[in-house]
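The structure appears right after this line, and notes come after that.
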Amino acid sequence: METISPSHYLFLALCLFSIGFFGVLLRRNILLLLMSLELMLNGINLALVTFSRTSLNLDGSIFVFFIMTVAAAEVAVGLALLVALYKKRQSVFSEDMNLVSN
Amino acid sequence: MVQVALSLLLLPLLSAGITLLFLRKYGNIAALLSVASAGGILAFSSFLIFGKDSDQIFSWSTTWFQLSDWELSFGFLVDSPAKTLLFVVSFVGLLIHIFSLGYMADDKAKARYFGGLSIFMFSMLGITLSDNLVMIFVFWELVGFSSYLLIAHYFSTDEAANASKKAFIVNRVGDFGFLLGIIITYWTYGTVNLQELSVTANLDPSLTSTMLCLLLACGFIGKSAQFPLHVWLPDAMAGPTPVSALIHAATMVAAGIFLLIRIEFLFTVEALKLIGLAGSVMGLYAGFCALTQRDIKKVLAYSTLSQLGYMAAAFGLGLPGIALFHLMTHAFFKALMFLGSGSVIHACHHEQDIFNFGGLRKKMPVTAYTFLIGVLAISGVHFLSGYFSKDAILLGAYNLDFVIFSILYLGAILTSIYMFRLYFLTFCGETRSKSSENAVESSVFMTAPLIVLAVLAVFGGFHSLYPAQIVEYLLPDISRVAEMPHHLWMNILGLFAWVGGLLFAWKIYGSDTQSKDPLELKAPSLFQLSTSKLFFDEVYLFYVNRIQDPFFRFLEVMELLFISGLMVRGSAGVAALFALLGKSFYSGKIHHYSFWFVLGTLGFLAYAILGGGIS
Amino acid sequence: MDFHQILLLGSIVVPLLSAVFILFFFLNDSCRAKQIAYFAFGFPCAAGIFLFVNTDPYLTGYSFELLYERMGLQSLGITFHLGLNGVSSPLFAMAGIVGLSACIAAINSEAKRLPLYLALLAFMQSGLMGLFASVDIFFYYLFHEFALIPTFLMIGLWGGRDRRSIALEITIYLTLGALISLGGLVALNVLLDAPKFDFPSLTESLLTDGLKVGTQQKIFGLLLFGFGILVALFPFHTWAPRGYETAPTSVSMLHAGVLKKFGLYGLVQLALPLLPAGGITWGPYLMWLALGNILVVGAITVAQNNLKSMIGNGSVMHMGYCFLGLAVCSSLGASAAVMLMCAHGLSVSLMFLLANYINKRSGTLEMNEMGGLASQTPILACFFAAATFATIGLPGFGNFWGEFAIFLSLGEYADNRLVLGLAALGIIISAIFGLRAMARIFYGSKSDELLSFEKENKILDLNIKEIIPASLILLPLLFIGLWPKGISEGIDVNISSRYQIFDKGDGNLGLPSCCPVSVIEDSLPESSIQKSALEEEEK
Amino acid sequence: MNLVDILFYLFATLSLGGGILMVCSKHPVSAAMFMIISLVGVASLFVLLEAFFLAVLQILVYAGAVMVLFLFIIMLVDVGPNAGKTSKMKLISGLAGAFLISLLIVSFLIIVQSSGWIGGGANWSPIIEGAEPVIGDNLSFSTSVKSFGYGLMTKYMLPLQISGFLLLAAMVGVIVLSKKEEQDTN
Amino acid sequence: MEDFLRFSNDNLWSELWPELTLALGAVLILLIQLFSNKAATNICGRLAVLFQVVLLGYLLLDYLLIHHTFDRSSFSGMLRHGFQGDLMRTFFLLASICVSILGNRFLLTNKLKTGEFHHLTMLATAGLMLLCQSANFIVLFVALETVALAFYPLVAFDRSSSKSLEAGIKYLIFGALSSSLLLLGIVLIYGVGSNPGAWGAISPSTNIGMDILSFEFVGLLLEANQTNLLLRSGVVLVLAGLAFKIGAAPFQIWVPDVYHGSPTPITAFLAVSSKAAGFFLLLNLVNGPFDSMSEFLLPLFGFIATFTILFGNLAACAQRKLKRMLGLSGVAHAGYLLVAVMASMHFAGDSDRAVWVIFFYLFIYLFASFIVFGVMGIATLKDDSDHEIGHYEGLLQKHPWAAISLLVGIASLAGIPPFGGFVAKLMLFNVAFEAKLYTSLVAMVIGVVISIYYYFGWIREICFEPKPHFDDDNEPIDPWTKMHQLGLLKLLIITFAVVSFVFGIWQGPFGDAF
C-alpha cells in the first residue's frame, strides 16, 4: 500500500526518544532538561500509537492518554520545584545544584 | 608394695605442697618438715629395696591417661638399677637435707628452698621408679623445673637469673630430642613401657636404629650436661651449694646415665660407640677446663662433667653396670666435695674464689680432711671408692677400645691435677683474704654429713660391702671387668696418673701462691685456652645475640611488613582506594549522573542484543 | 526439664538476665551491680563444673539434652537445642571457670563505669556458655557472634593504646572469618538437607547420603579458613596479639581463653567428622600453616618486649599445636587438640590475669623496664611461674598432655616426622620466651623505672581478692595435669566414636586413606579403590 | 512516493528537527518554540496514524497547556542563555554524550531491524469500520472518541481513578511547593 | 455497549477497601487541615497516625480472622490479589505509620504543614499497595507514577531548605528519566504483543483475546518468543526502570543525593517502602511474565547484584554524612536482595522459598531502618540533611536507651547476630547457596565484611568516649537536647529494637512459613 512501514514510525519514535535523552545529557538548564524529558515521552507516545494503529488495538492509544496525564502532572510538579528553588538560589542551572553532594 | 612406692612418691610432694601453701613464712618448720620427709623417703625406699620379695622385680601400673588407642599408665618398675639409684638418691638426699639445715640457717627464703628440694626429691624418685618412658619424661621435665627453681634461689642476682634460664632452656633442647625419641619409639615398638620394650626389642632387633638411640640419648646429653649441651652446668653453680651437691653432682645429672641404662637394650653398636667416644672426650675436655677455674664450685662442676663423661664412656663400652657403679661412688665423693666446698663457702661468707682461700686446713679440719678424702677418691687413689669404679672403666676401655682408653687416661691425669690444685689452694698455704682468715669450722649439721660421706667415699668402692639388692645390677659387669687381662698393668698406670697429678699440682700450687694463677705465668697460651673453655659459651652467646635474636626480630619486622602491612593493611588500602573512587562519582551534578543512566541503558540494551544465549 | 537441664539453660540465661538487669536498673549502682555479677558468673561456673562432673563420659551422644523445636527457622532445620557431650562439657566448665575469674578480675579492676563493664562481660559470658552448650549449629554460631559484640565495645571503651582503630580492625577481621565459616555451614546445611541443623542430625544424614569428595574438600576449605581466621591461624593471626594487647584484662582472658576456641571446636565437632575427605586433603597444608604458627609466631613472640603482646603472640603460637592435632586427622590428634584447648584456655587466661597484676605493680608492661619484682611479690612470682610453666608445657599442668599427645599423633606416620621435628622445636621456643619473661620481670636487680615507680606507689604482694581468681584457674589446670584421665575419658569416647572414618588407614599414603562415607566417588584414584578391595580380599 | 509518504517525511523532519533544535538552542524561549514545533509534528504524525483524538489531545495538552506553562516559567525565572559557562568540560561531555546517544540510536536501529518490523514484516491493515469494538479482552482500534470513552469508563476505570488521585497528589504537591509560607509572613 | 459493560462486571472496588480507605483518609486529612484553625494543625498528625493504626489493626484482623487470602483477580485482570499482596499491604501501612510518627516530630521541629505531608504520605502508600497488586502494565505505570508524584513534593517538603528542594529536583528528573525507560520497555513489549504475527506458538484459539498488556499474556508471549530482540530489549528496559526504584547499579547514582536532601522521615520512606515496592514488583515480574526469560536474565542480574553490593558498600565506607552512608548501604542491601531475586528465578516454579526470604528481609530491614532513622529524627540539627557520624559521639552516655536501640538497629542492618538482620542474611546465604550463586555469595561476604567498617565506625562513635577536640573554637552543637515529648516515637524505636532482637533468636511464624 504505502512504502512507509510501521518500522519507519517506530524508528522515528526511538530517534525522538534518543534526542530527548541527548537533551537530558547535554542541557544544564533544568527547564530544558524537563522539556527533553517531555520529548522522550513524546517518542514513546508515537511508538505506542504506531503499534496501536498497526495491530488495530485501542489499548495502546488509551495508554497514550494516561502517559500524557502523567507527563503533564510531572511537568507541573517539576516546574513548581524549579520555581521554589529559583526563589532560593536564583539559578536554574544544574551546575549550581551541588549542595547535596559529598 | 604399691602403697610404699606411692607414699615414697607422695611424701616429698606433700611436703612441698604444705610448705608452699602454708609454711612460706615459717622457714624453720618447713626445713624440719622437709628433712623429715627426706628421712621418710630413706625409710620407705629401704623398705622398697629390702622388702619381702626384694629379689624380684616389682612392677605395678594403672591407667593414667588414655586417648584413642594410646594408653599411658602410671606405673612403677623397681628393678636392680632402680634400686641402686634409689639408694643413692634417698641416702645422699637425706644427708644433703641435713647439711642444708646448717648451710641455709640464715637464709630468708628457707621455706622456698626446702620446698624446692622436696619437689626435686619427688621428681627424682619419680624418674627412678617410673616404668615407662613417658613417665620418665614427665619427671625428667620436673627435675629440670626444680633445678630451675633452686638455681634461681638467689634470684635477685643477675647471675642466678641467667643461669636458671639457661639451665632450663638447654635442658629443653635435650628434651626436644628425647621427646621425639619417645614418640618414635612408641610408633616403632608400639609401647613405651620399659619391660614391654625390652621384650619387643629382644624379639625383633631389626627395629632398632641408631637415629632413634641418638634421639633418646639427647635426653641424657641435656640432663647430664654432655657435649654440646654442657654449658649450663657450670653456670648452674649460681644456686646454693647443697643444691649443687644434690642436683648438679650426685643425682639429677646422673639421671641421664640412669636413663641410658634403662633403655640399654635399644642401643645399636654404632650409637654405643658414639656415646662412648663423646663421653671420653667430655671427660678430657671438662678436666682441661677445670684446670684454670678460680671458682671452687666451678672446678667441681667441671669435674662432675668430666666424671659424667667417664660414666658415658663406660656405658658406651657396653659396661652399664660399671657406669652405674661409678655413678654411685661419684655420688658419694662428689657430694662430699661439694658439701665440703659448701662448708668452706659458708665459713668464708660466700667467698668462692679459691685464690682467696688458703690455709683453711687448720681452721676447719673436719672439712679439710673429709675434702681430702674426696679428692683422693676422685683421683683414683688405690682402694678408695673412686679407684674401683674408675679403674674398672679404664680397664674396660683398655681392653675394648684403645682410643677411648687413651683419652680417658689423659683425663684421669688431669683429674688428679686439678683436684689437688683445688685442695692445695684452698686448704694449704697461707690465708689469702680476710674472709678466709675469719673462717671457723661449720656446725655439726654440716660436718656430720661430711663425715658420713667421707666414710662412704673410702669404703664405697667395695661392692661386697653393700647389701646384694643394691649392687645386683653392678655385679655382672664388675666380674666381667675383673676377668679382663692387664689388671696389674692398669694398676700401675693408675698409680702414675694420680701420683703424677699430685706432684704436678704440688709443684705449681703447693708452695706459696699469690692471687694470680701460677699457670698463667708459666704457660699463658695453655691457660688462655683452658679459661676460654674452647669458646663454647662465646659461640652460644654469639648465636643467641647475633643470630637468633636478630633473626627473630627480623621475622617480627617481616610480619609487620608483609602480613600486617601488605596483606591486612594492603587489602584495607585497596578497599579504601575503591571507596574513594566510588565517592568521587558523587559530584552532585545532574549531568554527570545522567551519564550513568545512558551508560546503564546502553549496557542493558547491549546485553539484550549481544548476550544471553540466542538460540 | 530436670535439674541438670535447668542448670544448663540457666548457665546461659542467668548471665544474660543479670546483664539486662544491671543495664536497666543498676547502671549507677556499682555495689549492687557487683553483687549481681558475682551471681551471674558464679552460677555458670558452678553449673559448668557440676555438669562436667555429672556428664557420663561413656555416652557418645549428648547428655542433658534440651530441645525447643519452635524456636528458630524450621525451614533451615534450626531448633534451640542444648546439650553437652564429652568434648563440650570440659570446655563448658572451662568457660565457666574462666568467666568467674574474669568477673572477679573485672570487679577488682576498678574500671570506670563498672556496672556497664560487668553487664557487657555478662553478655559475653552468656554467649560463651551458649556456644559450647549448643547442639544446634545456628545457635552455636549465633552465640559466638553474641559474645563478639561486647568484645568490640569493651575494647573500645576500656582498652589501651589505639583501642578505637584496633577494635574496628578486629571486628572486621573476625567478621570475615565468621562469614567464611558461615558459608561453609550453610553449604553443609543445604547440601545435606538434614532434618535438623545440628551436629547429630548432620552426621546422620551424612552417613546416609554422603557428599562427593570434591564437595567435601571445598566445604572443608571454607570452614578451615573461616575458623582459621577466628583462631588466628598463620598468616591470618595478626589481629590477635594486637587485640589482646589493647583489650582490658577480662576481655583478653575470655577472648583468648574461651572465645577463640570456637573455631577449633567447630573443626573438631563438625568439620573433621563430617568432611573426612576434606580433612585429609587439607591436612598436609594445614600442617605447614600450623608450623607457621608455631615457628614464625613463636619466634616473633621471643622478640616481643611488651608482656601482653608476648602473651598474645604466645597464645597464637599454641593455637598452632591445636591445628597440628587436627591436621593429622586421627582421633588421637583431635582428642589431643581438645585437651590442649581446655588447658590452653585456662593457662592463657591466667597469664593475662597475672599480666594485669604485674602492670598494677610496676606501672608498665614493657619488660625492659621491669626486673626484680619477685623480692616484693613472691606469691605473684609463684603464680606467674606456674602460669609460665603451664604455658610452656611442663608436666603437671594440663598443657603438657595436650601437646604431648599432639606430638604423639604426629609421629604416627613417617611422612609427618619432619613436621613433628619442626613442631617440637616449639617447646624450646616457648621455653625461651617464657623464661625470659620470668627472668626479666621477676629476677635480677630492680630496674630504674621500677625504683622510681616504687617511690610513688607501694608495691604489695597479691591480696586475697587477687589470689582467688588466679587460683580458680590454676587449680583445674593442675587437676588436668595430674589427672588427665579426668577429662580425657569423655573426650576420647566421644571423638573415637565419630572419628572411626580415619582409623581405617592406608600407610602408603602417609596418611590414612580417605574412606569417604559417600558412596559416590568422583576423584578417588582407581588404584586406591583397588588396593582397598585387595586388602579386603586378603582379610 | 505518494502523498502520505511525503507527509510522513515532512512531519518526521518537523518533529526530529524541532527536537534537535530544541536540544541545541541557546535561548530557552527559542527552545520552547522548537519544542512546540516538534510536538505539532508528532501530533501531525498521529493524524497520519488516524489517531485523531490523540492528535487533538497532543495539541491541547502539550503544545497548548504544558508548553505555555513552560513559557510562563521561562519568563518568570527570566533566564537568558547559559552564557559564559562554556568550558572545555562542557564540550567534552557534549561530545561524549553525542557519541553515547549515537550508540543508542544504532542499537535501536539494530533492534528495530532485527525484529522483522522494517521491510514490511507488519503492515498497515485498514481500519474495519463497524467491527466488534471488543475482541476478547482487548479493545479494537477505532477513530471514534466514543470508543475511548467506553474503554476508559469500563476497562480502564481503575487507572482512570488512580490518575485522578495522581493529579490530586500533583496538585497538593504543587501547592505545598509554591504556597507562600505562613511563617514567612509571621 | 454490552461488550464494554462486560469489563465493568468485575470492577470489584470492595477488593480495594484498604487503598480506598487510605486515599479517602488522605483527602479527609487534607480537608481537616483546610478547615481547622492554625493552633489545631497538630491534630492532623495525630489523626493520621490514629487513622492508619486503626486501619492496620482492622487489616490484620481481617487477615487473621476473616482470612480470605486466596489468589483472585479483579478489574478485568488488571489487579491480582493474594496473600503476598496482602502482606505487602501491611508492610506499607506499617511503614507509613512509622513515617507519620517520624514526620510529626520532623514537622513540629521544622514548623511545617502537617496536613499535606500526611496526605501525600497516605496517597503514596495507597499507590504502593496498588502497585504491588497490579497485574497489568498500564495499572503498574499509573500506580507507579502516582507514588512518584506523591514522593517528589515529599522529598522537597522542607521548602526552606535548598537541599531538600534540590533533592526533589534530582529525584524528579531521574524518576522521570527512569519511568521513560520503563515505559519504552512496556511499549516495545506491547508492540510485539499486539502484532498477531509475532505470537508464534501461542495458540490463538485460547489466548487470542487476552489483554495484551496483562502480565499473563506477556508471560505467554515471552515464552513463545524468547529470542525476539524487541521483546528482549523491552524486558531489559523494564528492568532498568525498576532498577532505578530499588537503587541497583548502574541506576543507583541518585540514591545518596536524594536521601541526603530529603527530610529524614521521607528518607526512611524512600529507603523502606519505595525499595520494597520495587522489589516486590521485580519479583512479580521475574517470577510471572518474565519467568521464561530467566536463563537470559540471570547473568545480567548476577552482574548487577555483584556490582551493586560492592559499589554500595565501598562507596559507603568513604562517607561521613550519615544519610548518604545509609543511602549507599541501602544500595548494598538492594544488591543482597537481588541475589535472593536471582535465587527465586533459579527455583522456577518453586520460588516461594526465595520470595519468603525477601519478605523476611524486607520486614527486618523496615524495623532496623526505622530504628535508625527514628533516632536520627530525634536529633535536632540546624539543617536536617547534615547528619554526620560526629553528631553521635558519646550518645551512649547521654541517652542510653536511644543509643542501645540505635545499636540494635545498626547491628541488625549489618547482619550481626543475634539480631534479625543476621537471620535474614543467613536465609539469604542459604537460598543463594541452594541456587548455586557462588559468585554472588562471594560478593555478599566481601560486601558484609566491608560494611562492618562503616557500621561499626558509627557504633564506635556512639559508644566510645569521644576523642578530645583540639579546636575548641567550633564546638559542635549538641543535637541531643530536645529529648522530651517523644512519646510515640520513643515507643516505636524501642519496640522495633525489641522486635529486631526477638526475630534474631525466635522467628515464630516465619519459622514455619518457609
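By convention in this document, chain letters (A, B, ...) are assigned in the order of the sequence lines, proteins followed by strands, and residues within each chain are numbered from 1. As a basis for the values below, the full set of heavy atoms in this structure was taken, side chains included, without hydrogen atoms, waters or symmetry mates.
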Subject >> Phe536(B) atom CZ, over 12 foreign heavy atoms within 6.0 Å >> reply: yes

Subject >> Separation of Ile609(B) CD1 from Phe108(D) CZ (nearest 0.5 Å) >> reply: 9.0 Å

Original post:
Given side chains that start at C-beta, do those of Leu104(D) and Val598(B) come closer than 4.5 Å, heavy atoms only?
Top reply: no

Subject >> Point-to-point distance, once rounded to the nearest 0.5 Å, from CG of Leu103(D) to CG of Leu602(B) >> reply: 5.5 Å

**OP:** Starting from the C-alpha separation in whole Å, work towards a yes-or-no answer on side-chain contact (heavy atoms from CB on, under 4.5 Å) for Ile111(D) and Leu605(B).
**Re:** CA-CA 9 Å; Ile111(D) 290 166; Leu605(B) 284 177; 3.8 Å; yes

**OP:** For Phe554(B), look at atom CZ and say whether over 12 heavy atoms of other residues, nucleotides or ligands are found less than 6.0 Å away.
**Re:** no

Original post:
Any chance CE of Met558(B) has more than 12 other-residue heavy atoms, nucleotides or ligands included, within less than 6.0 Å?
Top reply: yes

**OP:** Could you grab the distance from atom CG of Leu599(B) to atom CG of Leu100(D), nearest 0.5 Å is fine?
**Re:** 5.5 Å

